[in-house]
**Student:** 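Please find one structure pasted underneath; my questions will follow.
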Amino acid sequence: LQTFFLRKGYAKTEKETQFILSVLSDKLLNEPKRSFVGEVNRLSITATCLLTIGRINERYEVLKKMIEFCDQYPHQIEERLTEYFFNVRVLANQALVLKKFAYAEQLMERMQALHQKYYARLALTNRIGHLNIMTNLLLRQGKFTQALTAIAEMDELASSNRQEPDLVEV
């Protein structure tokens, strides 16, 4: 499935759509898992399948369910901080796409709190990704001055992590 998504992006033919639907209907994907990692992976695969066939409202609900599930296990979040932060970022982005701005803002606040608490542990790409979504949210809300501040912070992060004069590795 990961290979399919990386190579194709979205199901473009009826045959590809049927393949994704067969994955979605698989018994293993429809039964909650007993382990934390198993359940997060099950929900992640489901969300990827839904994205691949363009069912973004359903994807949003699955992503939301995944974050709500993770939130029940704070010690797992601590151990898997980068993955959790990434998943919150994906949900925030999906909320923006669906114009659920209030919820996107709540998620951005959560990401900001995680960023402040675990600054050293979060990867540069997660910090820049957070700022990127925040910028999009602020722009959609017409808060242009605040968006420019977030852009400046992204630029500062990128500049401080330059490997070569014109390249930034993220």
**Student:** Side chains of Y84 and I67, heavy atoms from C-beta outward: is any pair under 4.5 Å?
**Tutor:**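 Yes - at least one pair of side-chain heavy atoms lies under 4.5 Å apart.
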
**Student:** Would one find more than 12 heavy atoms of other residues, nucleotides or ligands at under 6.0 Å from atom CZ of F86?
**Tutor:**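 At most 12 heavy atoms, drawn from other residues, nucleotides or ligands, come within 6.0 Å of this atom.
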
**Student:** Step through it carefully: locate the ring centre of F69, locate the ring centre of F36, and say whether they are under 6.0 Å apart.
**Tutor:**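 Between F36 and F69, which both carry aromatic rings, the centre distance is below 6.0 Å.
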
**Student:** Quick check: closest heavy atoms across M134 and A150, and the distance to 0.1 Å?
**Tutor:**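 Reported closest heavy-atom pair: SD-CB, 4.4 Å.
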
**Student:** Donor-acceptor check, side chain of T52 to backbone of T48, threshold 3.5 angstrom: yes or no?
**Tutor:**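 The answer is yes, because a donor-acceptor pair under 3.5 Å joins these two groups.
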
**Student:** Give a yes or no on whether the backbone of N41 and the side-chain of S44 come within a donor-acceptor separation of less than 3.5 Å.
**Tutor:**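 No, the answer is negative, given that no donor and acceptor are paired below the 3.5 Å cut-off.
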
**Student:** Are K65 and E61 close enough that some pair of their side-chain heavy atoms sits under 4.5 Å apart?
**Tutor:**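 They are not in side-chain contact.
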
**Student:** How long is the straight-line distance from CG of L107 back to CD1 of I133, given to the nearest 0.5 Å?
**Tutor:**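 It comes to 9.0 Å.
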
**Student:** For L81 and L114, what are the C-alpha separation, side-chain angles and deciding distance, and is it a side chain to side chain contact (heavy atoms under 4.5 Å, CB included)?
**Tutor:** CA-CA 9 Å; L81 184 60; L114 288 168; 4.0 Å; yes

**Student:** Is a donor from one side chain sitting under 3.5 angstrom from an acceptor on the other, for Q146 and Q141?
**Tutor:**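 No donor-acceptor contact under 3.5 Å links the two side chains.
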
**Student:** Please walk me through it: do M154 and L157 pass side chain to side chain contact (heavy atoms under 4.5 Å, CB included)?
**Tutor:** CA-CA 5 Å; M154 271 191 289; L157 276 171; 5.7 Å; no

**Student:** Report yes or no: does E16 contribute a side-chain atom to a donor-acceptor pair with the main-chain N or O of K12 at less than 3.5 Å?
**Tutor:**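 Yes, because the side chain of E16 sits within donor-acceptor range (under 3.5 Å) of the backbone of K12.
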
**Student:** Compare every heavy atom of M66 with every heavy atom of L43, then report the nearest pair and how far apart it is.
**Tutor:**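 Looks like CD1-CA, 3.6 Å.
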
**Student:** Is a donor from one side chain sitting under 3.5 angstrom from an acceptor on the other, for E14 and Q18?
**Tutor:**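 Side-chain D/A pair, E14 to Q18: present.
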
**Student:** Between the side chain of N87 and the main-chain N/O of E83, is any donor-acceptor distance below 3.5 Å?
**Tutor:**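 Yes.
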
**Student:** Using 0.5 Å steps for rounding, measure from the CD1 atom of I128 to the CZ atom of R89.
**Tutor:**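 The CD1 atom of I128 sits 10.0 Å away from the CZ atom of R89.
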
**Student:** Compare every heavy atom of I56 with every heavy atom of Q94, then report the nearest pair and how far apart it is.
**Tutor:**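 Of all heavy-atom pairs spanning Q94 and I56, the closest is NE2-CB, 3.6 Å.
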
**Student:** Answer yes or no: is there a side-chain heavy-atom contact under 4.5 Å between E39 and R34?
**Tutor:**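 No, their side chains stay 4.5 Å or more apart.
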
**Student:** Specify the closest pair of heavy atoms between A104 and A92, including all atoms of both residues, with the distance to one decimal.
**Tutor:**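 That closest heavy-atom pairing would be CB-O, 4.0 Å.
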
**Student:** What closest approach, in Å, do C49 and I20 show between heavy atoms, and which atom pair accounts for it?
**Tutor:**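 That closest heavy-atom pairing would be O-CG2, 3.4 Å.
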
**Student:** Apply side chain to side chain contact (heavy atoms under 4.5 Å, CB included) to residues I45 and L24 and explain how you reach the verdict.
**Tutor:** CA-CA 9 Å; I45 290 167; L24 279 170; over 6 Å; no

**Student:** For N30 and D26, indicate whether the former's side chain and the latter's backbone hold a donor-acceptor pair under 3.5 Å.
**Tutor:**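 Yes; judged by distance alone, with no hydrogens or angles, the pair exists.
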
**Student:** Are any non-hydrogen side-chain atoms of C70 and Q76 less than 4.5 angstrom apart?
**Tutor:**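 No, too far: nothing below the 4.5 Å cut-off.
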
**Student:** Hey, can you tell me if Y60 and Y103 have their rings parallel, tilted or perpendicular (30° and 60° cut-offs)?
**Tutor:**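 Rings of Y60 and Y103: perpendicular, over 60°.
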
**Student:** Quick check for you: to the nearest 0.5 Å, what is the distance between K64 atom NZ and E68 atom CD?
**Tutor:**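 Those atoms lie 6.0 Å apart.
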
**Student:** Does the side chain of I53 reach to within under 4.5 Å of the side chain of Y10, using non-hydrogen atoms?
**Tutor:**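 They are not in contact (no side-chain heavy atoms under 4.5 Å apart), so the answer is no.
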
**Student:** Got a second to check how far R55's CZ is from L21's CG, nearest 0.5 Å?
**Tutor:**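 It is 6.0 Å, given to the nearest 0.5 Å.
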
**Student:** State yes or no: do L139 and M108 share one hydrophobic cluster built from I, L, V, M, F, W and Y residues joined by side-chain heavy-atom distances below 4.5 Å, directly or via other members?
**Tutor:**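 Result: no, two separate clusters.
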
**Student:** Okay, side chain of K33, backbone of E31: is any donor-acceptor separation there less than 3.5 Å?
**Tutor:**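 Yes, the answer is positive, given that a donor and an acceptor are paired below the 3.5 Å cut-off.
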
**Student:** Within this structure, what is the NZ-CG distance for the pair K143 and L138, rounded to the nearest 0.5 Å?
**Tutor:**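 Result: 6.5 Å between the selected atoms.
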
**Student:** Go through the steps to decide whether F85 and H130 satisfy the test side chain to side chain contact (heavy atoms under 4.5 Å, CB included), and finish with yes or no.
**Tutor:** CA-CA 9 Å; F85 192 91; H130 163 255; 3.6 Å; yes

**Student:** Rounded to the nearest 0.5 Å, what's the gap from NE2 on H75 to CZ on R80? Could you check?
**Tutor:**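 Reported to 0.5 Å precision, the distance equals 8.5 Å.
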
**Student:** Are side-chain heavy atoms of E58 and V62 found at a separation under 4.5 Å?
**Tutor:**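 Not touching, per the 4.5 Å side-chain cut-off.
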
**Student:** Check this for me: does any side-chain nitrogen of one of D71 and R110 sit under 4.0 Å from a carboxylate oxygen of the other?
**Tutor:**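 Looking at D71 and R110, the cut-off is met.
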
